[in-house]
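Position 1 is the first residue of the sequence, and the numbers go up from there. The basis for the numbers below is simple: all heavy atoms, side chains too, and nothing from hydrogens, waters or symmetry mates.
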Amino acid sequence: MRPTRLDPLFASVTKLPGIGPKIAKTITNLLVGSPDRDARISDLLFHVPVNVIDRRLRPGVSGSPEGEIVTLVLHIDQHRAPPRGSRAPYKVLAHDETGAIELVFFHARGDFLHRTLPEGEKRIVSGKVEWFNDRAQMVHPDHMVSEEEAENLPLVEPVYPMTAGLASKTLQRAMGTALEFLPQMPEWQNQPFIEQRDFPPFDVALRSIHKPEDARDLAPEGKARERLAYDEFLANQLALALVRNSLRHMGGKARKGDGTLRRKILAALPFELTDGQEEALKEIFADLEEPTRMLRLLQGDVGSGKTVVGLLAMAAVIETGAQAAMMAPTDILARQHYASMKPLCDAAGIRTAVLSGKDTAKTKRKIGEALEAGEIDLIVGTHALFQSTVNFQDLGITIVDEQHRFGVHQRLALSSKGAHVDVLVMTATPIPRTLVLSYFGDMDVSRLTDKPKGRQEIKTVSISLDRIGEIVDRLKVMITQGQKIYWVCPLVEESEKIDLAAAEERFNDLQNALGPVVALVHGRQKADEKQAAMDAFKNGDARVLVATTVIEVGVDVPDATIIVIEHAERFGLAQLHQLRGRVGRGSLASSCLLLFKAPLNETAASRLNILRQTNDGFLIAEEDLRLRGEGELLGTRQSGTPGFRLASIEDHADLMEIARDDAKLILATDPELESKRGDALRHLLYLFARDEAIKLLRAG
């Protein structure tokens, strides 16, 4: 189904001269990051330069500035090879009409240098000049060519992100050949929009990025880069809109319960709902009563009460006789949700269960049979709920917690477990508006911005690690007052590469200082070990819980009042905010201590300052995007969520909004992409690896 015009771009990079299997594997590691497929020529073309080297400066030897890259026309005078066994460098003496220079080579092959720089002849040499005792030197020139080969010397050379085992010249040559495979594309943008923005055609834009005339050609605000960014955003928004249409066309079911279960849950709650929770529930219930599928994202700041909203949404569906499923990314979080919801479900008479991949085969089978027989109303689980062996009698609603850890495919897989499944996605990571559009453009959005009544602001301070002894002494006093304390470390065991305090070592130190009231939890423990440590902390047998970031999301111990985050400068803003949210969950005053190792760089200092100044997760998310970029913010580089290769969320946010509106308009007028522009847009979707959406189009 892929347009034949694109076939050359989907060929393996091994089709390019000089790229054998070994280099192809290195390029695949750099560009694809997954062994699932080889790098394609399109991957290479979408690997864009980050800077340029300008070799147009030709000042002559005597006029060459210290540390600058210059191009010189030199007369080669003499080769001076080091004595055999010596570690001294190989030197080639040369001059021009303005002065003399030494070309210096370490671990050099004399025969190669004699061929490349023959004595008595002229050569054009380009590289960085350094001055020692009024003598000019150029160590390992970047280019050395004869005057006849001058056209092979790139005067403006693009600089690409690189990886070990791949020479920059190899990548440059491959890129030059790859550009020859780039066909002229049918135009998928509206002509008036192109003229208004002064955009070049797609292929012209891509060529100019790889063959820049100066650094301005690579600037985010340059016309070529903006054009490519918009194309990538449009492909993304169009794919999300097609996913939305596909799910909607699969049909929904109007679900209007009688409110009995919801009233029982509300009566059992020890607090009143916030205005934000009431508003989100109103939107969710309105969605459920429509005959189309609900696709809604519920964003809540730390401790804003998303779980209760999710439970009441599930109760509304269970009232209609259907079942509900909530999926969490980890076993510990799934069991946490189950434990917090079970008393409320029991009060309402809702039959519940929890399922994870770590359960025994017997347990899984027993739960599976009960689900299929309709004997379970609500199930909480991990990825185990995706498995083909898990079947429901009548699944009516799926809630996915921490959605950015799941891709669109998993979204579709879980919603396909029933005939008319409504989908509610929840995240405790406040996400900037532009990222909501790029990752959740197929969803309606509800936001919880207020916190339950009685919650106090968390006092946040930053303290140098040099004062760790004082902090431990202070914690002794806090423990005698009955307080509970989290101590978060970034690593599990000592690493030679990163000199950070390990959780196990810190656990031993704190146990020696504070006694047996210290427990340890980290990602490498077995599930029952983790649970035992968490239980000890909850019931008060342990007063200090040393942990890695395994406690980042969803752990709820309301009477924990202090969190110490060691090496806070190593964490992202959003992650620090998540960790801080483990305290301040009750009515007691709470504190967050950010321990840092001085000196702090500018970004780390900004991060800690922002955290001290505000508890507003949405404000923090916008700042985190500014400081770190969208790939790190949502973990896209690790999770497989499609990031952007040509577009930058930070630099091109305005284009994202336009692309979303354009995608909506396209599908409103041409839902099957059957028009001339629709055909061109199919090229776009394949080109930017959003062809899953075309498969949905065909299935529809």
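- Residues forming a side-chain contact (heavy atoms from CB on, under 4.5 Å) with Asn601 (at least two apart in sequence, or on another chain): Thr603, Ala604.
- Applying the side-chain contact (heavy atoms from CB on, under 4.5 Å) criterion to Ala313, with sequence neighbours excluded, gives Ile284, Ile397, Leu424.
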Problem - Derivation and outcome, side chain to side chain contact (heavy atoms under 4.5 Å, CB included), residues Val488 and Val564 - result: CA-CA 6 Å; Val488 182; Val564 180; over 6 Å; no
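- Contacts of Thr382 classified as side chain to side chain donor-acceptor pair (under 3.5 Å), with partners at least two apart in sequence or in another chain: none.
- Listed by chain and residue number, Ile463, Leu475, Trp487, Leu593, Leu595 satisfy the side-chain contact (heavy atoms from CB on, under 4.5 Å) test with Ile471 (two or more places apart in sequence, or in another chain).
- Heavy atoms of other residues, nucleotides or ligands lying less than 6.0 angstrom from CZ of Arg612 number more than 12.
- With sequence neighbours left out, the salt bridge (Lys or Arg N to Asp or Glu O under 4.0 Å) criterion links Glu470 to Arg467.
- Thr389 meets the side-chain contact (heavy atoms from CB on, under 4.5 Å) test with Gln387; sequence neighbours excluded.
- For Lys256, there are no salt bridge (Lys or Arg N to Asp or Glu O under 4.0 Å) partners two or more places apart in sequence or in a different chain.
- The salt bridge (Lys or Arg N to Asp or Glu O under 4.0 Å) analysis of residues 318-345, with sequence neighbours excluded, yields the pairs Arg262-Glu319, Asp331-Arg335, Arg335-Asp359, Lys342-Asp346.
- Of the charged side-chain nitrogens involved, none lies within less than 4.0 Å of a carboxylate oxygen, so that Asp535 and Lys538 do not count as a salt-bridged pair.
- Within 6.0 Å of the CD atom in Glu602, the count of heavy atoms belonging to other residues, nucleotides or ligands does not exceed 12.
- Side-chain contact, His567 with Arg570: no donor N or O sits under 3.5 Å from an acceptor N or O.
- For residues 384-393, there are no salt bridge (Lys or Arg N to Asp or Glu O under 4.0 Å) pairs, not counting sequence neighbours.
- Here Asp394 pairs with nothing under the salt bridge (Lys or Arg N to Asp or Glu O under 4.0 Å) rule; sequence neighbours left out.
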Got a list of side-chain donor-acceptor pairs under 3.5 Å for residues 365-379, not counting sequence neighbours?
residue : atom : partner : partner atom : Å
Asp377  : OD1  : Arg351  : NH2          : 2.9
Asp377  : OD2  : Arg351  : N            : 2.8
Asp377  : OD2  : Arg351  : NE           : 3.1

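- Within the structure, salt bridge (Lys or Arg N to Asp or Glu O under 4.0 Å) contacts touching residues 268-288 (residues at least two apart or in different chains) are Glu279-Lys282, Glu283-Arg296, Asp287-Arg296.
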